[in-house]
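Read through the structure below, which is laid out as structure tokens, and then see the notes.
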Amino acid sequence: MTAAPAPADGPLGRHIRDLIAAAGPLRIDQYMTEVLLHPVHGYYAQGRRVGAEGDFTTAPEISQMFGELIGLWLADRWQAMGAPAPVRLVELGPGRGTLMADILRALRVLPALGDALDLHLVESNRDFRTAQRDRGLPATWHDTLDTVPAGPLLLIANEFFDALPIRQWLWLGSGWAERAVGLDKQTDRLVFTTLGADADAPPLPATPPPAGAIAERCPAAMAHAHAIARRLARDGGAALIVDYGYAGPGWGDTFQAVAAHRPVDPLTAPGAADLTAHVNFAALAHTARAGGAAALGPVDQGRFLDQLGLGLRAAALKARASAAQAAAIDAAVARLTAPEQMGTLFKALALTGPDAPVPPGFAAEPAR
Ligand SMILES: C[S@@+](CC[C@H](N)C(=O)[O-])C[C@H]1O[C@@H](n2cnc3c(N)ncnc32)[C@H](O)[C@@H]1O
């Protein structure tokens, strides 16, 4: 067992320790679900999370250009679909609603699309729903994608998949054991531990991984990818998934916690920090194809935004900006695209109906 540096405090820490005392260690996905989504003490129930004052900043909160370019990408996809009306515009996990507000502003270039749009926001958090409503977004809200009506689909998800709970398995030399959160009774600390053999463990690899390797899976992400793909195969449309993650298979522990823009221990003070994991884009693409969709990418975010015309949009904004505003625009471009910032860690994956033309930003991308 590896001890966390300090006892878990607060009512959620107590609740989690009670759960473990009563029923044994929690799998990582169970722990993430309790910490993020507990209706009273969970991380998302605490408000304030996104933006400079919160725990993390997302691309749409960095610059309006991000949402505007994605809006134009969606408008292009609508035209490529034959301009169906109505078309369901869906966002998964809209947070403060900034991305959708920027998208809707960009979509005004096509008034006919404005008339055809039927907006649906899938948001689990009540405070975020209130923020989205207060922004004037003309939407219907959902707890899950399942209740969004059928029909041609345009879907966007930015930093949604990283928030979904993962499971982890630790390589013990001859087999996998599922990683879990247990309780060190002597110190009352939450600690990482492992469970016994289980039917869900990954297959034994042909080449054994290094000792201590960790395999991750995100069943909730795969369920979402499959549900989106089935809709795209049946009704047509396109989905754009943007997140931080990796493109190929690999071992490694990507379970992480962030508070006030700094990494913190995921087992300390549960509910006071955001818990996420890197997105396995290869697994998402594979699952989407199995569900009947085409999958393109992932493309690095920097390259994707460059191809959509970020440089031109920045130049247009700078043409009527003050020197200070122009410097802020340059800084935002660097933050979104520079390899050492968000440019390569963040990636975009496109899912489309099976016979749709290749979307902008993915033209030269071989499927991975
Ligand atoms: C990291 S924030 C991203 C917010 C926004 N997309 C942005 O880019 O600023 C994650 C969002 O997903 C929502 N969320 C997390 N898990 C969810 C779930 N299972 N169902 C619906 N929404 C969820 C959160 O409430 C939040 O709005």
Side-chain angles (χ1 to χ4, degrees), residues 29-39 42-71 74 89-104 119-135 137 139-148 155-166 218-225 227-228 239-245 254 256-261 271 273-279 301 305 332 335-336 342 345-348:
D29 60 327
Q30 294 169 327
Y31 177 74
M32 284 181 83
T33 301
E34 284 297 328
V35 170
L36 294 177
L37 300 180
H38 186 282
Y43 176 76
Y44 282 123
Q46 311 297 314
R48 78 166 203 272
R49 300 311 189 181
V50 190
E53 306 295 309
D55 293 319
F56 55 88
T57 302
T58 58
E61 304 293 339
I62 291 169
S63 170
Q64 66 185 69
M65 295 182 287
F66 182 80
E68 290 168 349
L69 292 174
I70 288 178
L74 294 167
L89 174 59
V90 178
E91 183 172 1
L92 304 182
R96 301 205 313 189
T98 307
L99 174 57
M100 187 48 70
D102 292 338
I103 287 173
L104 293 180
L119 180 61
H120 296 269
L121 301 179
V122 178
E123 176 58 70
S124 57
N125 180 260
R126 304 293 136 179
D127 288 345
F128 277 144
R129 279 192 189 195
T130 304
Q132 295 152 17
R133 214 172 258 125
D134 290 349
R135 264 199 127 107
L137 295 178
T140 306
W141 277 265
H142 301 263
D143 289 324
T144 114
L145 182 62
D146 299 342
T147 52
V148 174
L155 181 143
I156 171 73
N158 185 62
E159 290 208 40
F160 169 77
F161 281 83
D162 67 71
L164 299 178
I166 58 158
C218 187
M222 298 312 130
H224 278 89
I228 295 166
L240 185 66
I241 296 168
V242 184
D243 223 309
Y244 47 93
T254 76
Q256 61 188 32
V258 170
H261 302 272
D274 189 25
L275 297 182
T276 66
H278 287 206
V279 171
Q301 175 172 290
L305 293 176
R335 195 150 169 214
L336 292 172
M342 298 172 78
L345 176 60
F346 284 73
K347 297 176 174 42

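Each ligand, and each atom within it, is numbered from 1 in the order the structure gives.
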Note to self: Need the ligand 1 atom indices (1-based, order shown) with element for anything under 4.0 Å from a heavy-atom of Phe128.
What the structure shows: 25 (O), 26 (C), 27 (O)

Checklist line | Proximal candidate to atom 21 (C) of ligand 1 [heavy atom criterion; set Ser124, Ala59, Gly97] | finding: Ser124

Margin query: I need the atoms of ligand 1 closer than 4.0 Å to a non-hydrogen atom of Thr58, numbered in the order shown.
Written below: 7 (C), 8 (O), 9 (O)

Check: CE of Met32 to CG of Asp274: how many Å apart, nearest 0.5 Å?
Finding: 8.0 Å

Notebook entry, point to check: Any N or O of Gln132 that comes nearer than 3.5 Å to an N or O of ligand 1?
Noted result: no

Margin query: Test salt bridge (charged side-chain N to carboxylate O under 4.0 Å, His left out) on Asp143 and Arg126; report intermediate values, then the result.
Written below: CA-CA 10 Å; Asp143 289 324; Arg126 304 293 136 179; 3.1 Å; yes

Checklist line | Atom indices of ligand 1, in the order listed, that fall short of 4.0 Å to a heavy atom of Pro60 | finding: 7 (C), 8 (O), 9 (O)

Notebook entry, point to check: For ligand 1, which atoms, with element, lie under 4.0 Å from some heavy atom of Glu159?
Noted result: 1 (C), 2 (S), 3 (C), 10 (C)

Checklist line | Parallel, tilted or perpendicular, as decided by the 30° and 60° cut-offs, for the rings of His142 and His120 | finding: tilted

Margin query: Using a 4.0 Å cutoff against the non-hydrogen atoms of Asn125, which atoms of ligand 1 qualify?
Written below: 25 (O)

Notebook entry, point to check: Taking only heavy atoms of Tyr44, which atoms of ligand 1 are found under 4.0 Å from at least one of them?
Noted result: 10 (C), 15 (C), 24 (C), 25 (O)

Notebook entry, point to check: Where is the nearest protein heavy atom to atom 8 (O) of ligand 1: which residue, which atom, and how far?
Noted result: Asn158 ND2, 2.8 Å

Item checked: Ring centres under 6.0 angstrom apart (Tyr43, His38) -> no

Check: Any nitrogen or oxygen of Asp162, main chain or side chain, under 3.5 Å from a nitrogen or oxygen of ligand 1?
Finding: no

Next item on the list: Name the option, out of Gly93, Pro165, Ala131, Ala163, that contains the heavy atom nearest to atom 5 (C) of ligand 1.
Entry: Gly93

Notebook entry, point to check: Tyr44 and Asp127: side-chain donor and acceptor closer than 3.5 Å?
Noted result: no

Margin query: If you measure every N or O of Gly95 against every N or O of ligand 1, does any of those distances drop under 3.5 Å?
Written below: yes

Checklist line | Numbered atoms and elements of ligand 1 in range of Phe160, under 4.0 angstrom, heavy atoms | finding: 12 (O), 17 (C), 18 (C), 20 (N), 21 (C), 22 (N), 23 (C)

Margin query: For a side-chain contact (heavy atoms from CB on, under 4.5 Å) check, start with the C-alpha distance between Glu61 and Arg96, then their side-chain angles and the critical distance, and finish with the verdict.
Written below: CA-CA 9 Å; Glu61 304 293 339; Arg96 301 205 313 189; 2.9 Å; yes

Notebook entry, point to check: Going by distance alone, is a donor N or O of one side chain under 3.5 Å from an acceptor N or O of the other, for Thr254 and Tyr244?
Noted result: no

Notebook entry, point to check: Looking at Asn158, Thr98, Ile103, which one forms a side-chain contact (heavy atoms from CB on, under 4.5 Å) with Phe66?
Noted result: Asn158

